[in-house]
Amino acid sequence: MAAITVWAVTGTLLGSVPAHGAAAPPPRFPVPVTVGSAHQVISVQAHGTYATVIAWQQTGAIWIKRYETSAARVGSHGITNGATRKQGTYTTPTGTYTLTQGFGVAADPGTRMPYHRVTAADWWVEDPDSRYYNRMRQAAQGGFPLTEAGDHGSEHLINYPVQYRNALVINFNTGPAVKGRGAGIFLHALGPKAGPTAGCVAIPQSVLTNVLRWADPAQHPVIAIG
């Protein structure tokens, strides 16, 4: 975890504060960000299958760098345009996405985000033909094949106790979900071998715990991947 760093919200990082009465332009994040109403931003700057992830907090006219790691991983085939991404390509979608819910095999680590403790009943539906595509759903509710295999397979979340010890859902391909663009894109912990992902963003568990405790739905957090 890096020490907290303050960056002035000016035309250049670490630039001078605008003159009294002048409007401050947005900061130059490492990747393009659609800030909107967000006061918390997680930037993901990919290079190959690795990435640098920084959690930023807006405080008044400045953005504070709260947490940083260069040990992050993205898809095994790198990143791709989120608007045209296809399921099964092992790529991480670029773009800015909201973060509104968390889940995990482990107990709530102290986040203010809505958090669901995963049980053996919970799946993330990745069958593109299911009406429940790209949602968490319990086995008993039906509507998707109970398998992780093949083009119609889904993720049985409890089978990934390291990666999904805790996670935040990246709201990619939601509202509504487009068939075949991809499902189950999360910010989660590195796997046992700290390798690349199938499309998610993975960071060390210690950093993830800090990010989960920092994330606040009242601050409208977003993640920007580029």
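In what follows, residues are counted from 1 in the order of the sequence shown. Side-chain atoms are counted along with the backbone in the values below, which use heavy atoms only and exclude waters and symmetry mates.
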Show the nearest heavy-atom pair for residues [X] and [Y], with the distance to one decimal.
X    : Y    : answer
Y97  : T94  : OH-O, 2.5 Å
Q87  : A183 : OE1-N, 4.1 Å
G199 : T197 : N-OG1, 3.0 Å

After noting the C-alpha distance and the side-chain angles of Q219 and Q57, does the key distance pass the side-chain hydrogen bond (donor to acceptor under 3.5 Å, both in side chains) rule? CA-CA 9 Å; Q219 302 288 310; Q57 176 71 54; 3.2 Å; yes

For this session: With sequence neighbours left out, write down each residue that passes salt bridge (charged side-chain N to carboxylate O under 4.0 Å, His left out) with R117, or none if nothing qualifies.
Result: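 So R117 forms no salt bridge (charged side-chain N to carboxylate O under 4.0 Å, His left out) with any residue.
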
#### Entry: Common cluster, L212/V207, ILVMFWY with side-chain heavy-atom separation under 4.5 Å
yes

Counterpart residues, ring-ring contact (aromatic ring centres under 6.0 Å, His included), relative to Y133 (two or more places apart) =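 Residues passing ring-ring contact (aromatic ring centres under 6.0 Å, His included) with Y133: none at all.
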
Under the side chain to side chain donor-acceptor pair (under 3.5 Å) test, residues paired with [X] that sit two or more places apart:
X    : result
Q45  : none
Q141 : none
S206 : none

Would a distance-only check, ignoring hydrogens and angles, find a side-chain to backbone donor-acceptor pair under 3.5 Å from [X] to [Y]?
X    : Y    : answer
T92  : V74  : no
N134 : D127 : no
Q40  : D216 : yes
D108 : T111 : yes
D122 : T119 : yes

Taking transitive links into account, so neighbours of neighbours count too, which hydrophobic residues share a cluster with Y160 at under 4.5 Å side-chain distance?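 Its cluster mates, by chain and number, are F103, V105, V118, W124, M136, L157, I158, Y164, V169, F186.
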
Report task. For T100 and N171, run side-chain hydrogen bond (donor to acceptor under 3.5 Å, both in side chains): C-alpha distance rounded to whole Å, both residues' side-chain angles, the deciding distance at 0.1 Å, then the answer. Result -> CA-CA 8 Å; T100 56; N171 291 326; 3.0 Å; yes

**Prompt:** Aromatic ring centroids of Y132 and F144 under 6.0 Å?
**Reply:** no

| said: Ring-plane angle category for W123 and H156, please: parallel below 30°, perpendicular beyond 60°, tilted otherwise. | reply: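 Answer is parallel, since the angle falls under 30°.
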
Hey, are the side chains of H152 and T147 touching, using non-hydrogen atoms and a 4.5 Å cut-off?
no

